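Below, read A as the first sequence line, B as the second, and so on, with proteins coming before strands; counting in each chain starts at 1. Bear in mind the structure is a predicted one, so any value in this text is a computation, not a measurement. Note: hydrogens, waters and symmetry copies are ignored here, and every other heavy atom, side chains too, is used.
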Number of protein chains: 2
Amino acid sequence: MVATAESVVEQTTIADRVCVEIQTAIIKGEFPQGSKLNEPMLATRYGISRGPLREALRRLEGLGLVRHVPHAGARVVTLTREELLEIYYVREALEGMAARLAAEMMSQAEITELYALLEVHAEQVKAVAGRAYFQQEGNWDFHYRIVKATRNPQLVQILHGDLYHRVRMYRYQSSQQSARPDKALHEHRRIVDAIAERDGELAELLMRRHIRSARRAIGEQLSAEPLSAAIAGIQELSPHTRSQTTSEVIA
Amino acid sequence: MVATAESVVEQTTIADRVCVEIQTAIIKGEFPQGSKLNEPMLATRYGISRGPLREALRRLEGLGLVRHVPHAGARVVTLTREELLEIYYVREALEGMAARLAAEMMSQAEITELYALLEVHAEQVKAVAGRAYFQQEGNWDFHYRIVKATRNPQLVQILHGDLYHRVRMYRYQSSQQSARPDKALHEHRRIVDAIAERDGELAELLMRRHIRSARRAIGEQLSAEPLSAAIAGIQELSPHTRSQTTSEVIA
DNA sequence: CATTCGGGTATTGTCGACAATCGCCATGGT
DNA sequence: ACCATGGCGATTGTCGACAATACCCGAATG
């Protein structure tokens with residue numbers, strides 16, 4: 001029997017479904033950082049038993065979104081700015097390598113698509129200077145394409161299977177947006193140029209510089225203690241409308 | 001109440017204990033790569049129920065040692081040489097960054113200890129040219145100290161919490177050993193020199209070169225199809241005494 | 001003789017209940 | 001008034017059993 005397209009119907013298990021549900025809830029901040037995730041409550045909330053729920057929690061623990069202590073239960077991780085900065089060091093190293101490999105591996109078609117993506121971004125930057133959420137997603141798309149182009153599943157796994165969720169959570173909750181998307185766009189363009197020229201060394205250098213500048217932008221908004229404020233604002237599940245702090249944080 | 005030393009008695013749960021037991025069994029090759037891990041068998045083998053066992057398996061899946069498909073059970077991952085090479089690209093990027101950060105962060109005491117460690121390694125290299133297992137562990141110790149010195153828990157987690165186990169499994173089962181430990185030792189020495197001089201850029205360059213050469217050494221032993229032979233040899237739980245392939249694989 | 005269909009078996013997914021442990025609060029002592 | 005201690009409630013860890021699904025093998029048919 002040939003493998004039909006519908007034979008790949010995603011065989012979903014309850015634990016898996018609940019896992020992504022809780023995951024999005026955590027990223028959206030419906031479960032505040034540091035809040036306790038007691039099993040009976042969640043089990044009744046999602047209408048399942050504690051068995052699959054526990055597996056979902058272990059999985060989330062593997063994703064780094066939940067921390068578990070033996071007889072005290074699971075809590076949503078509290079992502080401090082220090083941890084976010086640590087992650088950005090990892091991203092600098094890994095995505096720098098990704099850019100280098102992408103310059104070697106990326107197909108011409110992929111490069112063309114990447115340029116097209118930059119055009120879309122350019123329009124978004126020009127058109128709506130306010131609505132930066134799409135911008136963020138587009139930014140992630142850009143970085144993801146480069147990482148994917150490396151043909152290195154390990155790299156993809158680490159960057160977009162482990163780190164991605166935590167960074168996304170922080171971004172989502174602190175509503176950290178790009179204050180200077182035009183600058184980021186320019187940096188993106190030059191990175192793609194280097195890749196198109198098959199200059200892996202330059203691509204790595206530019207990508208590292210790009211992410212490094214984003215890290216520095218994050219590090220500079222330290223005195224405003226934005227995250228703890230965000231946590232306090234979210235604690236009661238109230239929509240947080242913090243003043244979006246300055247920054248050119250986009251990477 | 002002050003925190004006594006014995007208040008840190010590791011509160012261990014059955015799932016945790018079985019997790020490490022299975023983990024070591026997988027690394028040692030008692031469970032061959034690709035072999036099925038059916039739950040009733042393992043449950044009776046370790047004298048526990050299927051509940052904790054499933055959690056242990058999910059945890060091992062998070063560690064990348066086990067792959068799980070929804071209604072077909074869990075299998076030990078098959079680590080191809082391609083994947084190992086992919087991991088070495090990640091290591092090159094990450095440990096290069098680690099060396100750079102270590103050059104900035106490492107205390108003088110740590111540097112002294114690192115030099116002492118190199119002395120021990122030098123004696124081992126000189127004394128027992130054959131028994132390379134200790135050498136491997138020592139090699140890991142060296143790299144771990146540098147990574148730890150970065151004060152970047154994310155880096156430590158990825159390198160020694162995720163990647164470490166898989167590389168160790170490959171190494172253990174293919175009995176890949178250092179054919180030229182003296183060369184590796186020399187490279188180690190120069191890396192520490194750079195760190196001692198607080199030359200992060202040089203430390204990163206040297207570390208990347210060090211790991212890159214190890215990756216190339218792995219990549220060059222391709223035609224000997226060593227891993228599949230090792231798997232075949234292990235399949236029946238028989239001690240595999242393959243001829244240890246050439247290589248200067250040490251990183 | 002190859003192929004496909006069907007049933008049987010084994011394994012996984014899920015559930016509810018019991019036991020062990022932890023945190024909290026009241027009570028008593030110093 | 002403060003601290004230690006005991007009990008109580010709640011939550012986690014563990015277990016056995018049931019239901020659902022997938023794999024395997026034999027039989028029937030072209």
**Q** Looking at residues at least two apart in the chain, or sitting in another chain, which of them share a salt bridge (charged side-chain N to carboxylate O under 4.0 Å, His left out) with R216(B)?
**A**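 Residues passing salt bridge (charged side-chain N to carboxylate O under 4.0 Å, His left out) with R216(B): none at all.
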**Q** Which residue lies toward the 5' end of DNA chain D, P40(A) or P52(B), if each is placed at its nearest nucleotide?
**A**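 Comparing both residues, the 5'-ward one is P40(A).
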**Q** In whole angstroms, how far is the C1' atom of dT14(D) from the CD atom of E39(B)?
**A**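 These atoms are roughly 15 Å apart.
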**Q** List the residues meeting side-chain contact (heavy atoms from CB on, under 4.5 Å) with A72(A), not counting sequence neighbours, and say none if there are none.
**A**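 A72(A): side-chain contact (heavy atoms from CB on, under 4.5 Å) contacts with V69(A).
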**Q** What is the separation between atom CG on N38(A) and atom C1' on dT12(D), rounded to the nearest whole Å?
**A**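 Distance, rounded to whole Å: 11 Å.
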**Q** Which pairs of donor and acceptor atoms, one on a side chain in residues 91-100 of chain A, lie under 3.5 Å apart (sequence neighbours left out)?
**A**
from, atom 1, to, atom 2, distance (Å)
R91(A), NE, E95(A), OE2, 2.9
R91(A), NH1, Y88(A), OH, 3.4
R91(A), NH1, A251(A), O, 2.8
R91(A), NH2, E95(A), OE2, 2.9
R91(A), NH2, A251(A), O, 2.0
E92(A), OE1, R215(A), NH2, 2.7
E92(A), OE2, R208(A), NE, 3.2
E92(A), OE2, R208(A), NH2, 3.3
E92(A), OE2, R212(A), NE, 3.2
E92(A), OE2, R212(A), NH2, 3.4
E95(A), OE1, H143(A), ND1, 2.7
R100(A), NE, E204(A), OE1, 2.4
R100(A), NH2, E204(A), OE1, 2.7

**Q** Of the residues in residues 53-65 of chain A, which ones touch DNA chain D at a heavy-atom distance under 4.0 Å?
**A**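 Residues of residues 53-65 of chain A under 4.0 Å from DNA chain D: R54(A), R58(A).
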**Q** Suppose we screen for ring pair (Phe, Tyr, Trp, His ring centres under 6.0 Å). Which residues come up paired with Y46(B), at least two apart in sequence or across chains?
**A**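 Result, ring pair (Phe, Tyr, Trp, His ring centres under 6.0 Å) vs Y46(B): none returned.
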**Q** Below 4.0 angstrom from OP1 or OP2 of dA10(D), is there any side-chain N or O of K36(A)?
**A**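 Checking K36(A) against dA10(D): no side-chain N or O falls below 4.0 Å of OP1 or OP2.
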**Q** With sequence neighbours left out, write down each residue that passes side chain to side chain donor-acceptor pair (under 3.5 Å) with Q157(B), or none if nothing qualifies.
**A**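 Once residues adjacent in sequence are excluded, the partners of Q157(B) under the side chain to side chain donor-acceptor pair (under 3.5 Å) criterion are D162(B).
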**Q** Under 4.0 Å from OP1 or OP2 of dT14(D): is there any side-chain N or O of T13(B) that close?
**A**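 Result: yes.
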**Q** Measure CD1/I14(B) against C1'/dT12(D) and give the value in whole Å, please.
**A**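 These atoms are roughly 13 Å apart.
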**Q** Mind checking side-chain contact (heavy atoms from CB on, under 4.5 Å) for V77(A) and listing every partner two or more places apart, or none if nothing turns up?
**A**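 In terms of side-chain contact (heavy atoms from CB on, under 4.5 Å), with neighbours along the sequence ignored, V77(A) is linked to R67(A), M169(A).
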**Q** The criterion is side-chain contact (heavy atoms from CB on, under 4.5 Å); which residues satisfy it with E55(B), sequence neighbours excluded?
**A**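 R54(A), R58(A), A15(B).
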**Q** For V18(A) and A56(A), which heavy atoms make the closest approach, and how far apart are they?
**A**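 Heavy-atom minimum between the residues: CG1-CB, 4.3 Å.
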**Q** Hey, what are the protein-to-nucleotides 16-23 of chain D N/O distances that come in under 3.5 Å?
**A**
from, atom 1, to, atom 2, distance (Å)
dA22(D), OP1, Q11(A), NE2, 2.7

